[in-house]
Colleague: 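Questions regarding the structure given below will be posed in turn.
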Amino acid sequence: MEVGQMQRRLVEFTKSLFMEGFLDGQFLQLQQLQDESNPDFVVEVVSLFFQDSEKLLNDLTSALEQQNVDFKKVDAHVHQLKGSSSSIGAQRVKNACVVFRSFCEEQNLEGCMRCLQQVKQEFYLAKNKFETLFTLEQQILAAGGSIPATEITSF
């Protein structure tokens with residue numbers, strides 16, 4: 001595939017991520033922080049998010065499996081996940097966390113368990129989408145092309 005085709009594919013894929021609600025404007029702001037002095041900034045930040053969030057999801061699962069669930073502790077984990085997902089623009093993960101926190105406030109174990117599954121589903125979907133996005137970028141760079149700028153007016 002030639003570079004121009006790969007670039008168009010990347011632009012279309014990125015648009016779809018915004019239109020399907022996987023990404024929001026925060027991701028664009030994150031991209032703007034990347035420059036020649038730190039060309040892997042976005043990949044590094046997003047990779048750290050996924051590493052840290054895996055641990056948070058495991059901690060959430062453990063906390064909800066306890067005999068006496070500490071809903072304040074569960075809420076603190078969900079709050080942290082919500083904040084970090086928001087900071088990289090992972091909108092659907094963030095939105096699932098908002099609902100999760102309301103069940104924590106109500107101390108509704110069944111609701112929390114359902115939300116945990118929803119958050120995990122959104123998390124792994126987002127992870128897959130980001131991996132695809134970064135793979136497309138790497139293919140373009142490997143072919144000698146440049147990454148087209150993402151413009152919010154396109155969405």
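Residue indices begin at 1 and follow the sequence shown. What you are looking at is a predicted structure, and each value in this text was computed from that prediction instead of being measured.
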Colleague: Are L48 and F41 connected into the same hydrophobic cluster when the rule is that any two of I, L, V, M, F, W, Y join if their side-chain heavy atoms are below 4.5 Å apart?
Modeller: no
Colleague: Decide side chain to side chain contact (heavy atoms under 4.5 Å, CB included) for F134 and V46; before the verdict, give the C-alpha distance in whole Å, the side-chain angles of both, and the deciding distance to 0.1 Å.
Modeller: CA-CA 10 Å; F134 296 146; V46 171; 3.8 Å; yes
Colleague: For the hydrophobic clusters of this structure (ILVMFWY residues joined by side-chain heavy atoms under 4.5 Å, transitively), does one cluster hold both V99 and V69?
Modeller: no
Colleague: Can you tell if the side chain of V119 reaches within under 4.5 Å of the side chain of Y124, non-hydrogen atoms only?
Modeller: no
Colleague: Going by an N to O cut-off under 4.0 Å, is there a salt bridge joining R8 and E2?
Modeller: yes
Colleague: State the CD-NZ distance between E20 and K129, to the nearest 0.5 angstrom.
Modeller: 5.0 Å
Colleague: Hey, does V45 have a side-chain heavy atom less than 4.5 Å from the side chain of Q34?
Modeller: no
Colleague: So, for V74 and F100, which heavy atoms are closest and what is the spacing to 0.1 Å?
Modeller: CG1-CE2, 4.0 Å
Colleague: So L10 and L133, side chain to side chain contact (heavy atoms under 4.5 Å, CB included) or not? Walk me through it.
Modeller: CA-CA 7 Å; L10 176 64; L133 179 72; 3.4 Å; yes
Colleague: Please report the shortest heavy-atom distance between C97 and V78, naming the atom on each side.
Modeller: O-CG1, 3.5 Å
Colleague: Ignoring hydrogens and angles, tell me if any N or O in the side chain of Q66 forms a donor-acceptor pair with the backbone of S62 under 3.5 Å.
Modeller: yes
Colleague: Is any side-chain N of the basic residue among K127 and E54 closer than 4.0 Å to the acidic one's carboxylate O?
Modeller: yes
Colleague: Counting only N and O atoms by type, is there a donor-acceptor contact under 3.5 Å from the side chain of S16 to the main-chain atoms of F13?
Modeller: yes
Colleague: Give the intermediate values and the outcome of side chain to side chain contact (heavy atoms under 4.5 Å, CB included) for residues R9 and Q5.
Modeller: CA-CA 6 Å; R9 189 169 162 220; Q5 284 179 301; over 6 Å; no
Colleague: Would you call R101-E105 a salt bridge at under 4.0 Å N-O?
Modeller: no
Colleague: Side chains of Q117 and M113, heavy atoms from C-beta outward: is any pair under 4.5 Å?
Modeller: no
Colleague: Side chain of Q80, backbone of L56: donor and acceptor closer than 3.5 Å?
Modeller: no
Colleague: Under 3.5 Å, side chain of N95 to main-chain N/O of V98, donor-acceptor pair present?
Modeller: no
Colleague: Working to the nearest 0.5 Å, report the span between CG of L64 and CG of L109.
Modeller: 6.0 Å
Colleague: Are the side chains of S85 and S53 in touch, meaning some heavy atoms are under 4.5 Å apart?
Modeller: no
Colleague: For P148 versus V11, what's the shortest heavy-atom pair and its separation?
Modeller: CG-CG2, 3.7 Å
Colleague: Please state whether the rings of F123 and F49 are parallel, tilted or perpendicular, taking 30° and 60° as the class boundaries.
Modeller: tilted
Colleague: If we ignore hydrogens and angles and just use 3.5 Å, is the side chain of Q26 paired with the main-chain N or O of S86 as donor and acceptor?
Modeller: no
Colleague: What's the spacing between R92 CZ and E122 CD if we round to 0.5 Å?
Modeller: 4.0 Å
Colleague: For D40 and V43, indicate whether the former's side chain and the latter's backbone hold a donor-acceptor pair under 3.5 Å.
Modeller: no
Colleague: What is the minimum heavy-atom distance between F103 and C115, and which atoms define it?
Modeller: CD1-SG, 3.4 Å
Colleague: Say you draw a straight line from CG of L141 to CG of L136; how long is it, rounded to the nearest 0.5 Å?
Modeller: 11.0 Å
Colleague: Using side chain to side chain contact (heavy atoms under 4.5 Å, CB included), reason through I147 and Q7 one step at a time and then give a plain yes or no.
Modeller: CA-CA 7 Å; I147 306 302; Q7 289 170 324; over 6 Å; no
Colleague: Taking all non-hydrogen atoms of both residues, which atom of A143 and which atom of M6 are closest, and how far apart?
Modeller: CB-CE, 3.4 Å
Colleague: Find the distance between NZ (K94) and OG (S87) and round it off to the nearest 0.5 Å.
Modeller: 11.0 Å
Colleague: F22 versus V93: any side-chain heavy-atom pair under 4.5 Å?
Modeller: no
Colleague: Nearest 0.5 Å please: distance from the CG atom of L81 over to the CG atom of D59.
Modeller: 11.0 Å
Colleague: If every non-hydrogen atom of L23 is compared with every non-hydrogen atom of F130, which pair is closest and at what distance?
Modeller: CD2-CZ, 3.3 Å
